[in-house]
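In what follows, a structure is listed as structure tokens, so that the remarks can point back to it.
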Amino acid sequence: MFALIDCNNFYVSCERLFNPGLRGRPVVVLSNNDGCFISRSEEAKAIGLGMGEPAFKCRELLQQHRVALYSANFPLYGDLSARVMRTLADFAPDIEIYSIDECFLDLSGFGRFDLDRYARQIRQTVEKHTGIPVSIGIGATKTLAKAASRMAKKNASLGGVSLLRTDAGIRDALSGMAVEHIWGIGRRYGALLHRHRIHTALDFAAAPAPWVRRNLHITGARVQEELNGRSCLPLELVRPPKQSICTSRSFGTPVIAKEELQHAVVHFASKCAFKLRREESRASLVTVFACTSPFAPKEKRYWGTETLSLPAPSNDTLLLLKAATLALERLYRRGYEYKKAGVILSGIGSVSEPQQTTLSLFDTDPLPEKQGRAASLMEALDALNFRYGPGTLRLASDCSSGWKQRQEKLSPAYTTRWSDIIEVKP
DNA sequence: TCTGGGGTCCTAGGACCC
DNA sequence: TCTGGGGTCCTAGGACCC
């Protein structure tokens, strides 16, 4: 058996934790740039604020119901997530942290326990230790556990826990679930399935397997197997190293000048390089993109992208930055209002992998020595920024000007930044 | 005026190899 | 005139997840 533990309206719950006055009120957390709703309290859902909906379209509703708005505060959410996960890790030998607000526990071998009671105990403990409310679904496969947790969340009478064990219980649950709400079946496949008169999760479980394999490919076939109680998705106990690393942002106000766009790209490239080193990896491809608003009139739209291949995989900020700057140089077109840009690193391998050294014919600097110096420099950079806070030491070209994003409703980083919670008297 | 960010996996098709 | 067979690797695009 697997359990899926899912934090309820996670970001909103984090904000409420430090602001109990928000309980019972409609609360939403906005995406970067204060754009869309990315977390909503039950009260906010009830008045019709949709997930991913742009906030400006709901202005009246927001005022009318005095909805509390928050800018996304990821340092806070990340830290609270870690606390929840640490608490959960005590309840099972194997745990997979699936996302910032969800994790799977392996409950095989817990057959002798009263799983329902155990789940309620987990719920209470998490609430007591961290203040975050969670829902728990239990089933024979990850997909069934997911379905169960959805039920636990939707159906208040279950008290936050749903256990799918008997055939009758499973059939009952699946028959009440629209096919597009199955984990791994999204809007597009949902629409396709409805056109073929497959409306519920139970319909999908019973659909002809070859047809599913043909039309929804191997991923869909696995989902079907899992719904029928045959586990195809094992727990991932160690997070596999990332295959790509991306840093991108929308701008608070459009950027026109190349220099300003460059500042942003340099900043994103530095962040990417840092994430890469944290992963103990190296990348061989650097992609830069910059684009106008997709909502701009057609003739004012532009989507520029450029990928450069490095002579050898690297995680050196200086090198990655040089490549990113060159890429931007190539894709930049004068006269557009850029609304978003980003840097993507790919072709990623571990630093422990033997590096094929491509020596340049014209390189007079002996390569290993050069790399050694670069590595020491990066080590010092990361150590200082860890000790004194991100951005303490950075490249001169990494200056944020102009392209700043909007974050008008930002709460303090209560658990990770002293300066946010204490006033330092001079 | 204002519309997020960061990932994964799979497939088809083309280029290329012997 | 007739023009193979068996591979690999890479990329773009489409689907999905939170």
Side-chain angles (χ1 to χ4, degrees), chain A residues 4-11 28-40 49-60 62 69-74 77-78 81 96-104 142-143 146 149-150 179-193 212-223 232-233 236 239-254 268 271-272 275-276 279 284-285 287 289 291-296 301 303 305 307 309 337 339-348 405-409:
Chain A
L4 177 76
I5 292 90
D6 195 331
C7 301
N8 298 344
N9 314 329
F10 182 53
Y11 300 163
V28 295
V29 172
L30 302 167
S31 61
N32 271 332
N33 243 342
D34 296 345
C36 307
F37 306 130
I38 54 170
S39 183
R40 303 158 297 150
L49 302 175
M51 185 67 174
E53 212 178 341
F56 76 89
K57 285 188 174 174
C58 308
R59 175 139 302 168
E60 278 182 25
L62 293 172
L69 298 160
Y70 282 88
S71 302
N73 184 346
F74 291 110
Y77 311 150
S81 166
E96 174 187 339
I97 297 173
Y98 176 68
S99 74
I100 192 163
D101 69 333
E102 278 173 70
C103 96
F104 287 101
K142 282 175 150 185
T143 309
K146 266 281 203 183
S149 91
R150 191 182 159 83
V179 71
E180 63 271 27
H181 293 146
I182 305 169
W183 187 41
I185 307 293
R187 263 216 330 265
R188 301 303 283 263
Y189 283 143
L192 173 77
L193 291 167
V212 172
R213 175 66 180 84
R214 208 163 48 242
N215 290 279
L216 286 83
H217 314 292
I218 186 72
T219 11
R222 281 192 196 123
V223 171
C232 310
L233 306 170
E236 285 189 357
R239 190 176 59 69
K242 287 195 199 311
Q243 297 171 30
S244 68
I245 287 174
C246 171
T247 304
S248 72
R249 290 287 178 278
S250 298
F251 305 132
T253 47
F268 301 154
K271 275 195 136 170
C272 278
K275 293 183 194 173
L276 191 60
E279 288 269 312
S284 55
L285 294 171
T287 302
F289 69 88
C291 54
T292 56
S293 166
F295 306 101
R301 270 182 244 169
W303 219 103
T305 173
T307 300
S309 163
E337 293 195 348
K339 197 68 199 354
K340 179 177 179 175
V343 174
I344 306 165
L345 303 179
S346 51
I348 290 179
Q405 24 170 11
R406 252 194 322 278
Q407 276 189 318
E408 288 169 3
K409 317 275 187 184

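Proteins get letters first, then strands, A, B, ... in listed order; numbering begins at 1 in each. Because the structure is predicted, anything quoted here is derived from the model rather than measured.
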Any side-chain N or O of Ser31(A) less than 4.0 Å from the OP1 or OP2 oxygen of dT3(B)?
no

Is the ring pair Tyr11(A)/Phe74(A) parallel, tilted or perpendicular, if the boundaries are 30 and 60 degrees?
perpendicular

Rounded to whole angstrom, note down the C1' distance from dG4(C) over to dC17(B).
14 Å

Just checking Asn32(A): base, sugar-phosphate only, or nothing, at a heavy-atom cut-off of under 4.0 Å?
sugar-phosphate

Quick check: on DNA chain B, is the nucleotide nearest Glu236(A) upstream (toward 5') of the one nearest Gly52(A), or the reverse? Name the residue that is more 5'.
Gly52(A)

Compare the minimum distances between each of dG4(B), dC10(B), dA15(C) and the side chain of Cys36(A), then state the nucleotide with the smallest one.
dG4(B)

Minimal heavy-atom distance between Glu279(A) and Ile245(A), with the atoms involved, is CG-CD1, 4.2 Å

So, does Arg59(A) get its side chain near the phosphate of dT1(B), meaning an N or O under 4.0 Å from OP1 or OP2?
no

Quiz item: Arg406(A) side-chain donor-acceptor pair to dT1(B) base, under 3.5 Å:
no

With a 4.0 Å cut-off on heavy atoms, is Leu233(A) in touch with a base, just the backbone sugar-phosphate, or nothing at all?
nothing

Lys142(A) NZ to dC17(C) P, straight-line distance once rounded to whole Å
14 Å

Tell me whether the rings of Tyr98(A) and Trp183(A) are parallel (<30°), tilted (30 to 60°) or perpendicular (>60°).
perpendicular

Within the pair Arg214(A) and dC10(B), is there a side-chain N or O less than 4.0 Å away from OP1 or OP2?
no

Just to confirm, is there a sub-4.0 Å distance from OP1 or OP2 of dC9(B) to any side-chain nitrogen or oxygen of Gln243(A)?
yes

If each of Phe295(A) and Thr247(A) is mapped to the nucleotide of DNA chain B with the nearest heavy atom, which maps nearer the 5' terminus, i.e. the 5' end?
Phe295(A)

Could you tell me which nucleotide pairs with dC18(B) by Watson-Crick or G-U wobble geometry, both distances under 3.5 Å, or answer none if nothing does?
dG5(C)

Taking all non-hydrogen atoms of both residues into account, name the closest pair between Asn9(A) and Arg40(A) and its distance.
CG-O, 3.2 Å

Would you mind classifying the nucleic acid contact of Ile185(A) as base, sugar-phosphate or nothing, using non-hydrogen atoms under 4.0 angstrom?
sugar-phosphate

Can you tell me the distance, in whole Å, between the CZ atom of Arg150(A) and the C1' atom of dC18(C)?
14 Å

Would you please confirm or rule out a distance under 4.0 Å between OP1 or OP2 of dG6(B) and any side-chain N or O of Lys242(A)?
no

Of the listed nucleotides (dG5(B), dC18(C), dT3(B)), which one gets closest to any side-chain atom of Glu102(A)?
dC18(C)

Looking at dT3(B), I'd like to know if its phosphate oxygens (OP1 or OP2) sit under 4.0 Å from a side-chain N or O belonging to Lys339(A).
yes

With a non-hydrogen cut-off below 4.0 angstrom, is Asp34(A) in contact with a base, only sugar-phosphate, or nothing?
nothing

What is the separation between atom CG on Leu69(A) and atom P on dT3(B), rounded to the nearest whole Å?
15 Å

Using a cut-off of strictly less than 4.0 Å, decide whether Ser248(A) has a side-chain nitrogen or oxygen near OP1 or OP2 of dG6(B).
yes

Pro54(A) has its side chain closest, among dT11(B), dT3(B), dC16(C), to dT3(B)

For Leu345(A) and dG5(B), give me the distance from atom CG to atom P, rounded to whole Å.
17 Å

Face-to-face stacking of Phe56(A) with dT3(B), centres under 5.5 angstrom, angle under 30°
no

Can you find a side chain N or O atom of Ser244(A) that sits less than 4.0 Å from OP1 or OP2 on dT8(B)?
yes

Would you indicate whether Lys409(A), at its atom NZ, is surrounded by more than 12 heavy atoms from other residues, nucleotides or ligands within a distance under 6.0 Å?
no

Shortest non-hydrogen contact from Arg249(A) to Lys340(A)?
O-CG, 3.2 Å

When we call it a touch if two heavy atoms are under 4.0 Å apart, what does Ile245(A) touch: a base, just sugar-phosphate, or nothing?
sugar-phosphate

I need the Gln405(A) CD to Asp34(A) CG distance, nearest 0.5 Å.
8.5 Å

Classify the nucleic acid contact of Arg239(A) as base, sugar-phosphate or nothing, counting any heavy atom under 4.0 Å across all strands shown.
nothing

Quick check on dG5(B): is either OP1 or OP2 less than 4.0 Å from any side-chain nitrogen or oxygen of Lys271(A)?
no

